[in-house]
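Predicted, not measured: the structure shown is a model, and the values here were computed from it. In what follows, every chain begins at residue 1, and chains take the letters A, B, ... in the order their sequences are listed.
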Amino acid sequence: MSTPPEKSEDKGPSRNFIQQIIDTDRVASKNNGLVRTRFPPEPNGYLHIGHAKSICLNAGLAHEFNGEFNLRFDDTNPAKEEQEYVDAIMEDVRWLGADWEDRLYFASDYFDQLHAWAVRLIEAGKAYVCDLNADQMREHRGTLTEPGKECQYRMRSPEENLDLFERMKAGEFPDGSRTLRAKIDMASPNLNLRDPVMYRIKRAHHHRTGDSWCIYPSYDFTHGQSDSIEKVTHSICTLEFENHRPLYDWFCESLGIYHPQQIEFARLNLSYTVMSKRKLLQLVTEKHVGGWDDPRMPTIGGLRRRGYTSAAIRSFCDRIGVAKAASTIDMAWLEDAIREDLNQHAPRAMGVLRPLKVVIENYPEGEVEYLEAANHPQNPEMGTRTVPFSRELYIEQDDFKEDAPKKFFRLSVGREVRLRYAYFITCTDIVKDSSGNVTELRCTYDPATQGGNAPDGRKVKGTIHWVSADHAANAEVRLYDHLFRVENPNDTPEGGTFLDHLNPNSVEQIANAQLEPALAAAQPGSHFQFERNGYFFVDPVDSATGKPVFNRTATLRDTWAKLSKR
RNA sequence: UGGGGAAUAGUGUAACGGUAGCACUACGGACUCUGAAUCCGUCAGUCUAGGUUCAAAUCCUAGUUCCCCAGCCA
């Protein structure tokens with residue numbers, strides 16, 4: 001996925017710190033030079049752009065070093081996990097272009113092995129059954145500055161522990177009444193090493209193992225061993241697991257099993273959005289958005305429905321880099337990535353979002369002519385189409401200004417502009433309603449400029465898009481903006497929440513945009529650039545045959561908007 | 001006040017003792033039948049203070065700031 005290093009001997013592309021670690025490992029023939037990575041989601045929610053960074057990183061590394069990439073679900077908490085999420089996650093990973101081939105794994109497939117390993121640690125005197133309840137355990141754990149206390153159960157014999165653990169497994173004890181803990185060090189300055197829980201009693205239906213277990217292994221007792229079973233060479237995770245690495249290492253060492261190397265990197269933060277699963281869930285359940293795939297969501301499903309392509313997301317992940325410093329990437333980077341992709345690939349069309357009627361007074365009534373327009377001016381191979389032209393048209397309201405400044409290159413009374421692919425027109429008069437709003441423009445056209453070129457060589461500064469009023473297709477268009485109006489929604493004053501920063505105008509629905517007629521047949525899932533407006537995607541969910549709904553994926557850069565703001 | 005991490009233009013990311021580079025943003029300009037794209041250019045950076053060295057973003061010392069950890073979540 002990420003581009004392989006170039007051959008150039010001088011200065012190749014920069015290598016991130018993980019690539020450098022792997023370079024070193026390969027020079028040392030560690031793992032015989034093999035690279036195997038994995039993406040280990042918990043199926044308790046939908047994937048977001050932050051996960052995409054991890055997927056691209058892991059799959060990209062495997063690809064770059066000719067290794068293997070696994071998909072493994074970390075499904076050790078049946079209370080939160082569901083098959084629905086498994087399915088959605090697989091779809092998203094596949095869509096992103098990461099290929100796990102036949103290596104789809106579930107931590108739950110390792111439950112028997114994990115149990116056997118737990119028994120082994122008990123026998124070795126390295127694990128014990130503890131009768132403390134959650135509150136008591138918290139008390140015994142100590143604090144950041146004070147060591148924890150060893151409990152009375154810590155000294156139980158392996159025989160007693162074995163017996164108790166088997167009875168835990170057999171369902172003899174109520175939920176939460178006992179745990180199996182690793183016997184490490186209650187005084188460790190790293191709280192994760194203060195005899196962490198390996199197994200807890202939890203009667204919950206597991207999406208894969210059903211009701212066959214009532215004890216479930218914890219993340220710490222599962223993750224490293226799962227990596228080990230799969231012979232993962234480089235176990236790449238986010239920074240918050242750095243404190244867990246000693247535990248990861250402890251289990252592999254104590255068990256004497258293959259020991260993968262855990263490497264941590266900084267998770268992705270994006271401006272103007274939130275990334276935590278909890279907050280995304282809240283947006284959905286409290287109906288601040290339409291669902292997990294709402295086009296304003298930073299989820300993979302949301303981005304896809306917004307019109308992002310997987311190529312753009314991969315390119316984005318490639319560009320943002322990988323490091324250990326916590327950082328927040330500007331949303332503009334994501335927008336840049338999708339613009340770059342769509343600029344090359346999206347066919348052009350004309351669509352008027354906020355229509356203003358234009359009557360060409362010297363154009364014969366009832367006449368229609370079909371003018372040729374390029375589907376992509378920079379790429380003639382994409383062909384041409386025709387658009388109907390007639391006496392009455394719609395143009396964009398923003399393309400007319402009664403008191404037009406000098407730098408305004410569009411229409412105003414007495415000014416001439418080019419209608420894209422059509423004619424030069426000059427505005428001669430305006431019609432207003434009783435409250436003074438301009439409702440119609442009266443114009444004349446120059447028949448000699450058909451197709452958009454003047455034989456006398458005269459230039460016009462402005463070219464605007466248009467549609468024929470009688471032929472235009474009506475369609476719903478949704479204009480999306482940032483979900484939050486501040487760069488960092490997590491930055492809230494005392495007593496506030498991230499929801500306070502929700503952007504009330506994050507979506508604007510336009511019920512009756514006027515589009516060139518061919519767009520009525522636009523296929524769901526296809527991309528267009530409405531010239532001078534932006535990139536639009538035909539919503540795969542809400543579109544019906546002959547009634548497409550367009551989601552604005554991204555605007556075009558708008559120099560004029562910037563100029564006019566000053 | 002314990003432990004683990006991290007600090008390089010506005011934002012990201014390279015440089016691994018030897019010219020601080022690249023990208024995004026911003027701002028100019030050229031070009032243009034999309035005020036788009038493209039092209040050219042400008043502004044702008046090594047957290048602080050000491051030290052080692054011919055030479056320090058890089059090594060050492062001290063400090064500052066930020067992030068993570070007290071779930072039977074992952």
Side-chain angles (χ1 to χ4, degrees), chain A residues 11 13-16 20 40-42 44 74-77 79-81 130 132-134 137-139 141-148 175-181 188-194 196-202 215-216 218-220 222-223 237-246 264 266 271 277 319-330 332-337 339-340 343-344 348 350 373-374 377-378 407-410 417-422 424 451-453 459-465 487 529-534 555-564:
Chain A
K11 270 191 180 167
S14 60
R15 320 267 298 145
N16 66 51
Q20 294 180 23
E42 181 189 14
N44 70 342
D74 234 332
D75 53 350
T76 58
N77 184 0
K80 294 185 177 177
E81 297 152 6
C130 178
L132 257 28
N133 65 31
M137 197 178 292
R138 191 178 314 119
E139 284 168 29
R141 187 157 31 231
T143 68
L144 294 179
T145 50
E146 306 157 39
D175 285 14
S177 61
R178 285 180 159 89
T179 56
L180 181 72
R181 303 174 69 181
S188 172
N190 180 345
L191 305 217
N192 294 123
L193 262 21
R194 320 246 260 229
V197 168
M198 292 164 58
Y199 271 90
R200 69 276 209 190
I201 305 172
K202 186 178 290 222
I215 57 171
Y216 290 94
S218 64
Y219 163 84
D220 286 308
T222 305
H223 199 90
C237 61
T238 44
L239 249 27
E240 66 267 30
F241 292 101
E242 213 153 17
N243 294 327
H244 291 248
R245 180 159 21 102
E264 310 85 11
S271 61
K277 273 189 193 174
R319 288 192 229 178
I320 58 178
V322 179
K324 295 195 74 162
S327 59
T328 300
I329 274 110
D330 195 313
W333 285 47
L334 235 198
E335 289 165 3
D336 183 71
R339 284 193 191 110
E340 186 185 282
N343 177 48
Q344 292 177 54
R348 314 282 118 129
M350 291 194 285
Q378 279 80 44
K407 291 262 186 181
F408 185 80
F409 302 147
R410 284 108 99 145
V417 299
R418 169 169 38 232
L419 294 179
R420 178 131 228 212
Y421 298 123
F424 288 12
N453 295 302
K459 302 280 186 199
V460 286
K461 196 71 177 154
T463 299
I464 65 176
H465 60 279
E487 279 191 36
Q529 184 202 86
F530 291 179
E531 292 199 33
R532 305 205 310 133
N533 262 324
T555 61
L556 253 34
R557 287 205 179 78
D558 191 346
T559 307
W560 168 246
K562 276 181 198 166
L563 282 176
S564 57

Item to check | A/Thr179 side-chain proximity, nearest of B/A36, B/C72, B/C69 | outcome: B/C72

Item to check | Shortest side-chain distance from A/Asn192, nucleotide among B/G12, B/C69, B/G5 | outcome: B/C69

Checklist entry - If we take the C1' atom in both B/U64 and B/U52, what is their distance in whole Å? => result 23 Å

Next on the checklist: Rounded to whole Å, please give me the gap between CZ in A/Arg138 and P in B/C72.
Outcome noted: 8 Å

Checklist entry - Quantified in whole Å, what is the P atom distance between nucleotide B/A26 and nucleotide B/G10? => result 15 Å

Checklist entry - Any donor-acceptor pair under 3.5 Å joining the side chain of A/Gln529 to the base of B/U34? => result yes

Checklist outcome for this item: Mate of B/G35 across any strand shown (Watson-Crick or G-U wobble, both atom pairs under 3.5 Å) is none

Next on the checklist: Can you confirm whether or not the ring centre of A/Phe409 sits under 6.0 Å from the ring centre of A/Trp560?
Outcome noted: no

Next on the checklist: Does A/Lys202 qualify as a cation-pi partner of A/Tyr216, given the criterion of NZ or CZ under 6.0 Å from the six-membered ring centre and within 45 degrees of its axis?
Outcome noted: no

Item to check | A/Gln378, nearest nucleotide to its side chain (from B/U34, B/U25, B/C72) | outcome: B/U34

Next on the checklist: Only pairs with both distances under 3.5 Å count, Watson-Crick or wobble alike; so what is the partner of B/U8 in this structure?
Outcome noted: none

Checklist entry - Salt bridge or not for A/Glu264 and A/Arg245, using N-O below 4.0 Å? => result yes

Next on the checklist: Can you tell me if A/Tyr219 is stacked onto the base of B/A74, using a 5.5 Å centroid cut-off and an angle below 30°?
Outcome noted: no

Checklist entry - Nearest-Å distance, CD (A/Glu242) to P (B/C68)? => result 13 Å

Next on the checklist: Expressed as a whole number of angstroms, how long is the span from A/Arg557:CZ to B/C27:C1'?
Outcome noted: 14 Å

Checklist entry - Roughly how far apart, to the nearest Å, are B/U48 and B/U42 at atom C1'? => result 30 Å

Checklist entry - B/U34, B/G5, B/U25: which one has an atom nearest the side-chain heavy atoms of A/Asp336? => result B/U25

Next on the checklist: Counting only Watson-Crick pairs (N1-N3 plus N6-O4 or O6-N4) and G-U wobbles (N1-O2, O6-N3), all under 3.5 Å, who is the partner of B/A49?
Outcome noted: B/U61

Checklist outcome for this item: Whole-Å distance, A/Asn243 CG to B/C68 P, equals 11 Å

Next on the checklist: When the P atoms of B/C60 and B/A6 are compared, how many Å lie between them, rounded to an integer?
Outcome noted: 13 Å

Checklist entry - What is the pairing partner of B/U19, taking Watson-Crick or G-U wobble pairs with both distances under 3.5 Å in any strand? => result none

Item to check | Base B/U34 paired with A/Arg348 side chain (donor-acceptor, <3.5 Å) | outcome: yes

Checklist outcome for this item: In Watson-Crick or G-U wobble terms, with both distances under 3.5 Å, the base opposite B/C43 is none

Next on the checklist: Return whichever of A/Arg200 or A/Asn16 has its heavy-atom-nearest nucleotide of RNA chain B closer to the 5' end.
Outcome noted: A/Asn16

Checklist entry - Has the side chain of A/Arg410 got a donor or acceptor atom sitting under 3.5 Å from an opposite partner on the base of B/G35? => result yes

Checklist entry - Going through the checks in order, is the side-chain contact (heavy atoms from CB on, under 4.5 Å) test met by A/Val460 and A/Val417? => result CA-CA 6 Å; A/Val460 286; A/Val417 299; 5.5 Å; no

Checklist entry - Hey, is the side chain of A/His465 pairing donor to acceptor with the base of B/A36 inside 3.5 Å? => result no

Checklist entry - When rounded to the nearest Å, what value does the distance between C1' atoms of B/A14 and B/A9 take? => result 14 Å

Checklist entry - When the distance from CZ of A/Arg141 to C1' of B/G2 is rounded to whole Å, what number comes out? => result 15 Å

Item to check | Shortest side-chain distance from A/Pro189, nucleotide among B/G2, B/A6, B/G35 | outcome: B/G2

Checklist entry - Just checking A/Glu146: base, sugar-phosphate only, or nothing, at a heavy-atom cut-off of under 4.0 Å? => result nothing

Item to check | Anti/syn call for B/G71, syn if |chi| within 90° | outcome: syn

Next on the checklist: Quick check against the 3.5 Å criterion: does A/Arg15 have a side-chain atom that pairs as donor or acceptor with the backbone of A/Gln20?
Outcome noted: no

Checklist entry - From the list B/C24, B/G12, B/U34, which nucleotide is the closest neighbour of the side chain of A/Ser327? => result B/G12

Next on the checklist: In whole Å, I'd like the distance from the CZ atom of A/Arg245 to the P atom of B/G3.
Outcome noted: 17 Å

Next on the checklist: Between the side chains of A/Arg141 and A/Glu146, is the shortest nitrogen-to-carboxylate-oxygen separation below 4.0 Å, so that they form an ion pair?
Outcome noted: no

Next on the checklist: Looking at B/G35, I'd like to know if its phosphate oxygens (OP1 or OP2) sit under 4.0 Å from a side-chain N or O belonging to A/Arg532.
Outcome noted: yes

Next on the checklist: Closer than 4.0 angstrom, basic N to acidic O: yes or no for A/Arg557 and A/Asp336?
Outcome noted: yes

Next on the checklist: Closest-nucleotide mapping onto RNA chain B: is A/Ile329 or A/Arg178 further toward the 5' terminus? I mean the 5' end.
Outcome noted: A/Ile329

Next on the checklist: Quiz question: going by heavy-atom distance under 3.5 Å, is there a donor-acceptor pair between the base of B/C16 and the side chain of A/Gln20?
Outcome noted: yes

Checklist entry - B/U38 P sits how many Å from A/Arg339 CZ, rounded? => result 11 Å

Checklist entry - Would one find a side-chain N or O of A/Lys202 under 4.0 angstrom from OP1 or OP2 of B/C73? => result yes

Item to check | Nearest-neighbour nucleotide for the A/Phe409 side chain, B/G35, B/A74, B/A23 considered | outcome: B/G35

Checklist entry - CD of A/Glu335 versus C1' of B/A36: gap in Å, rounded? => result 15 Å

